[in-house]
Amino acid sequence: MADVEQVLQPLQQLMRDTRRLAPREGSLDEPTKVWTEQERFQDQVADALVIILKTRGCTWALQGGCTFCGYVNDSMVRKVSVENFLAQMRLALGQSWKGQPVVKIYTSGSFLDDTEVPREAQAGVLALLPEGVRKATIEAQTHHATRDKLAAVRGALRPEVELEVAFGVESAHAPVLAWSVNKDDRFPDFIAACGHARGLGIKTKAYIMLKPPFLTEREALDDAVATALLCAPHCNLLSINPCNVQNRTLVERMFRRGLYRSPWLWSVAEALTRISAGTHTPVRSNPVGAGQQRGAHNCGTCDGHVADAIEQFSLSRDPSLLPGAQCACREEWLDILELEGFLQGAQP
Amino acid sequence: MLAIQGRDGFARVAQWQQGDATLRLPEVLWPRTARVPSPSMARVLLAEGREPMDLPTVRDMGSVFAPREAGPGIALLPPDLPYPPLAGEAMVRAAQEQNASQAGCGPGAALVLADPAFAHGAPMVVLSHARARFPLAREFASAALQARRTAGAECVVYAPGLGLPHELAMLAYCGIDLADGVGAQLASRRGQFLTADGPLDPAGFQERPCACPACQSEAQGLPWLREHNAWATEQELRRVREAIRAQRLRELVEARVRAWPEGLALLRVLDLEHHARFAARAPVSRKGPMVLGSKESFWRPEVEAWRRRLPEYRKPVSAQVLLLAPCSARKPYSSSKTHAFLGKALSQVRNADAIHRVVLTSPIGVVPMELELHSPAAHYDLPVTGHWDRDEKAMVQEALRALLANNTYSRVVVHLDCVERDLIAEVVPDHEHTVVDDDALSPKSLELLQATMRDALKDAKPVGWKHRQRDDMAARARWQFGPGAEVLAEGTHVEGRYPRLKLFGKEGQRAMLTEERGLLSLTSHGAKLLQPLGRFQVEIDDFHPRGGILAPGVQRASPDIRPEDEVLVTHNGELRAVGKATVSGEEMATLRRGEVVKVRHHG
Ligand code: SF4
Ligand SMILES: [Zn+2]
Ligand SMILES: [Zn+2]
């Protein structure tokens with residue numbers, strides 16, 4: 001067996017086969033998607049403009065990449081130049097920036113990966129943020145977040161703009177990263193990146209995966225909670241991402257064969273409860289596709305209610321808002337936590 | 001350690017001794033967790049953690065993602081990398097290597113296998129993802145049989161997540177020794193009432209359709225369902241074990257799949273794609289009737305094997321005129337009224353020993369009368385309606401073609417009713433039909449049969465009955481021991497009254513036909529003649545067997561040996577004994593305990 005510090009080649013190969021990537025048509029001067037959402041900023045709920053920039057794609061995903069991640073399906077799989085990046089950014093801000101204090105700039109990959117986003121563009125994109133923006137968020141893989149690069153992006157922003165970098169930690173545990181998620185970062189990379197960020201006054205956020213493939217519901221829940229508590233001392237915000245079924249991923253292949261079920265919303269609520277009891281670092285979750293078969297879901301009856309409670313908690317950080325036992329399916333979920341491991345891989 | 005007490009195909013009833021515990025097999029493991037209690041009749045538990053239990057326990061040690069320590073247990077399921085078999089071969093290989101390396105994690109560690117091609121002497125082979133694979137009939141059939149083969153006779157095969165009452169017979173039939181109650185406990189939580197025919201929704205019950213202690217009690221809701229579902233499991237488990245002992249498991253499986261399409265699909269796959277392996281395990285003689293009660297029975301291993309072997313069949317040499325005769329409900333045929341009448345009518349025809357009476361029957365095709373005692377011809381029992389469906393018709397026609405392609409008759413006389421006659425006409429256009437008014441036993445029909453036979457036999461070579469008896473023996477020898485075995489009847493004469501016929505050569509008795517087995521039992525003289533054929537041989541260590549041969553004494557066994565087969569026990573080319581196999585050749589090779597041959601004559 002390959003050791004946990006190495007990429008498991010069969011898994012990487014399987015992801016490559018699953019992705020079937022090819023260069024995509026379309027203008028490189030328009031962003032993939034732009035929208036406005038709400039988020040918590042300086043203890044209040046604020047509007048946030050989200051801009052998804054078109055890039056060549058996550059370098060790691062182009063080689064195979066994480067087993068749950070379908071972001072690369074939006075990527076161009078061909079070169080995107082510095083000028084293209086700047087044009088996308090100008091268009092997005094021109095059309096959609098209406099004074100939102102927060103702007104999130106995402107790339108379906110790693111903003112600090114020079115192969116995906118040229119260095120000049122990393123700084124150039126941030127420098128375009130208009131006055132009035134008070135916080136910018138970018139996402140990066142931890143091993144790209146070197147001191148140099150973080151300093152460069154920090155330097156591109158006006159000093160009064162807060163910079164937040166979000167890292168896809170997924171799990172703090174090497175076996176999960178190596179044999180389930182297929183990530184090329186390891187937990188020490190995250191600790192190092194957070195250290196650099198702190199030194200530069202950059203805020204950090206950890207994305208923690210809830211229920212990557214091959215883990216039982218309980219293993220996944222425990223792993224997410226443990227990971228969050230290990231991340232907490234190093235970062236400013238914890239975000240629990242329940243795994244959803246994205247196209248052309250290993251998770252989807254398994255889902256189609258009845259071998260994968262997205263986590264229960266009860267697990268999300270339970271993770272938030274346990275984490276907020278264990279750390280002062282704020283924790284939140286915005287389950288994608290909540291209540292659907294491809295997203296975190298419960299029995300179909302209580303999903304809306306539980307998902308709302310999770311959202312309320314994420315905005316307010318008040319644990320009393322998390323749902324208790326309001327549906328019979330909670331009992332089934334509790335039984336499954338204890339019984340699923342006995343099935344040796346099959347779904348309960 | 002495993003003490004096998006009964007077998008039926010791949011299924012076995014056994015006592016499994018692990019440490020201080022003795023388990024009966026097949027068995028169901030009952031989970032016990034903080035929230036899910038084990039039911040009152042549980043005998044073996046499935047649990048994790050270190051806490052000591054009051055019952056023998058199989059311990060699950062989690063996965064590589066979250067390994068757990070395990071307390072005392074009769075078997076450990078080591079932390080595995082649970083890649084599903086569908087994730088691709090390379091992935092499964094990777095997981096396999098990981099899991100095999102875990103097998104040494106402690107005494108009694110089991111192997112958790114996605115593709116059970118690995119097994120290094122573990123006491124238990126675990127068919128991973130068994131529940132996920134189950135609906136994929138092909139995949140499951142191969143995996144289960146592969147697990148059985150890899151495990152060998154001494155090792156227990158466990159299919160986690162399977163074990164609902166209606167699944168138990170099928171699991172045993174596939175050679176799986178252990179199932180579990182996880183599915184039943186989840187079903188209870190989901191409000192399902194389990195029965196041997198599948199789950200029911202108890203919401204509409206006017207009356208609880210069960211008399212188990214839980215159903216007779218006042219219990220309601222979840223506690224009631226948990227207990228009832230466990231009783232339903234236990235009850236079916238007992239039926240399965242008893243069916244194995246009585247060698248009637250196939251009948252039970254056929255009954256269970258009737259209301260269970262997934263199970264039916266699996267049985268089809270087993271019959272059509274794995275026939276040879278099941279046929280090798282099917283006993284060649286049996287006690288009691290074999291009820292062929294459903295369409296599925298037509299493909300049961302013994303029946304299908306009979307049809308598949310027909311091209312190898314050769315008629316008694318002196319038989320010249322073929323008489324196709326009807327079957328009878330009573331077995332053997334010669335004890336039936338129909339055949340008594342036919343026999344009497346034919347005995348009045350000169351040179352009747354040149355007639356070859358062959359019974360045409362669904363679903364085994366054709367049964368030459370000299371083989372009527374052979375299984376399954378002597379045992380099958382099915383509803384006779386006179387209606388032949390398309391499959392049956394095709395089956396019988398194919399059997400008839402095989403008979404006629406390899407055996408030459410001067411005339412073909414058909415003493416069957418119209419429906420059957422039409423079906424024959426398509427295969428043998430120039431036959432003579434001797435049934436009048438659709439009544440084979442009417443004086444008119446019998447007279448026509450006699451007249452037709454007299455005419456058919458007028459050019460036939462005269463055959464003495466002693467001569468014919470010897471030829472019948474040669475045909476039996478060939479059917480039982482394969483081509484070349486006719487040598488057994490060369491230069492012999494037959495003594496005794498049918499069916500207790502003895503075959504003598506100059507040197508002494510060679511064989512005897514036994515009614516109960518339907519087979520020829522050999523003497524050492526007979527065995528020596530068959531020895532050069534190299535079949536049905538059990539090669540033993542250098543000793544002189546007396547009563548029975550135990551598994552450890554066996555070096556090799558021909559793979560063609562089926563349970564109950566007559567076998568030659570040899571050492572280095574020297575015949576040491578003659579006897580009856582109690583298990584198949586495949587099983588003899590891996591068994592480490594127990595008697596495998598009952599010795600009758602020793603050399
Ligand atoms: S999760 Fe991040 S690192 Fe992994 S493939 Fe997706 S974009 Fe790349
Ligand atoms: Zn619910
Ligand atoms: Zn009952």
Side-chain angles (χ1 to χ4, degrees), chain A residues 1-4 8-15 17-18 67 171 173-182 211-216 218-223 226 250-251 253-254 256-260 299 328-348, chain B residues 29 31 33-36 46-48 58 60 62-68 77 80-101 112 114 126-136 158-162 180-183 185-186 188-191 222:
Chain A
M1 188 80 208
D3 78 85
V4 290
L8 181 61
Q9 283 309 326
L11 195 52
Q12 180 78 321
Q13 182 64 46
L14 187 66
M15 280 309 298
D17 297 347
T18 307
T67 51
S171 171
H173 300 117
V176 177
L177 292 171
W179 300 334
S180 163
V181 176
N182 190 35
K211 207 171 177 189
F214 317 120
L215 274 70
T216 64
R218 184 184 60 185
E219 286 172 346
L221 174 58
D222 291 347
D223 192 71
L250 176 59
V251 166
R253 277 172 86 133
M254 291 179 57
R256 285 177 185 277
R257 293 175 167 105
L259 292 166
Y260 181 78
C299 66
C329 78
R330 190 178 162 87
E331 296 294 318
E332 184 181 345
W333 167 73
L334 286 167
D335 277 9
I336 285 172
L337 288 183
E338 293 185 357
L339 292 175
E340 185 184 359
F342 295 136
L343 297 177
Q344 309 299 336
Q347 286 300 301
Chain B
L29 312 176
T33 70
R35 288 174 51 87
V36 182
L46 181 58
E48 52 176 29
V58 172
D60 182 26
S63 73
V64 293
F65 303 116
R68 281 166 191 270
L77 309 177
D80 60 321
L81 180 53
Y83 286 165
L86 315 157
E89 214 176 299
M91 289 268 288
V92 171
R93 283 274 118 183
Q96 216 58 266
E97 284 165 29
Q98 165 70 25
N99 296 343
S101 75
V112 179
V126 181
L127 199 56
S128 81
H129 299 81
R131 189 170 147 120
R133 293 187 214 212
F134 202 56
L136 310 165
Y158 169 36
L162 293 172
D180 65 49
V182 176
Q185 292 292 17
L186 288 166
S188 304
R189 171 58 77 192
R190 291 166 181 156
L222 185 65

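So you know, we letter chains A, B, ... as the sequences are listed, proteins then strands, and number each from 1.
Ion pair A:Arg218/B:Glu48 flagged as a salt bridge, since at least one NZ, NE, NH1 or NH2 atom sits closer than 4.0 Å to an Asp/Glu carboxylate oxygen.
Options A:Gln13, A:Glu332, A:His173 differ in how many heavy-atom pairs under 4.5 Å they form with chain B, and the most are formed by A:Glu332. When each of A:Leu250, A:Thr216, A:Asp17, A:Leu339 is checked for heavy-atom pairs under 4.5 Å with chain B, A:Leu339 comes out on top. Per-residue heavy-atom pair counts under 4.5 Å with chain B were compared for A:Leu337, A:Leu343, A:Asp222, and the maximum is reached by A:Leu343. Of the listed residues A:Glu219, A:Met254, A:Glu340, the one with more heavy-atom pairs under 4.5 angstrom with chain B than any other is A:Glu219.
When atom types are taken as modelled, the side chain of A:Gln344 and the backbone of B:Val126 share no donor-acceptor pair closer than 3.5 angstrom. In this structure a side-chain-to-backbone donor-acceptor pair under 3.5 Å is missing from B:Arg133 to A:Ala346. In terms of modelled atom types and a separation under 3.5 Å, the side chain of B:Tyr83 and the main chain of A:Gly345 share no donor-acceptor contact.
Contacts between A:Asp335 and chain B at a heavy-atom distance below 4.5 Å involve backbone atoms as well as side-chain atoms. In this structure, chain B has a heavy atom under 4.5 Å from the backbone of A:Gln347, while its side chain stays farther away. The parts of B:Ala34 that come within reach of chain A are both its backbone and its side chain, each placing non-hydrogen atoms under 4.5 angstrom from that chain.
Put simply, CG on B:Asp60 and CZ on A:Phe342 are 6.0 Å apart, with the number rounded to the nearest 0.5 Å. Here B:Arg190 contributes atom CZ and A:Cys299 contributes atom SG; the two are 12.0 Å apart, rounded to the nearest 0.5 Å. One distance of note links OG1 of B:Thr33 with CG of A:Leu334; it measures 10.5 Å at 0.5 Å rounding.
Across all non-hydrogen atoms, the minimal contact from A:Glu338 to B:Val36 is OE1-N, 3.8 Å.
Applying the 6.0 Å contact sphere to CZ of A:Arg256 captures no more than 12 heavy atoms from other residues, nucleotides or ligands.
With a 4.5 Å cut-off on side-chain heavy atoms, A:Asp223 and B:Phe65 do not count as touching. Within the 4.5 Å cutoff, the side chain of A:Arg257 has no heavy atoms near those of the B:Leu136 side chain.
Taking A:Thr67 as the reference, nothing meets the side chain to side chain donor-acceptor pair (under 3.5 Å) condition, with sequence neighbours excluded.
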### Task
I would like to know whether A:Phe214 and B:Ser63 meet side-chain contact (heavy atoms from CB on, under 4.5 Å); could you show each step before the answer?
CA-CA 9 Å; A:Phe214 317 120; B:Ser63 73; over 6 Å; no

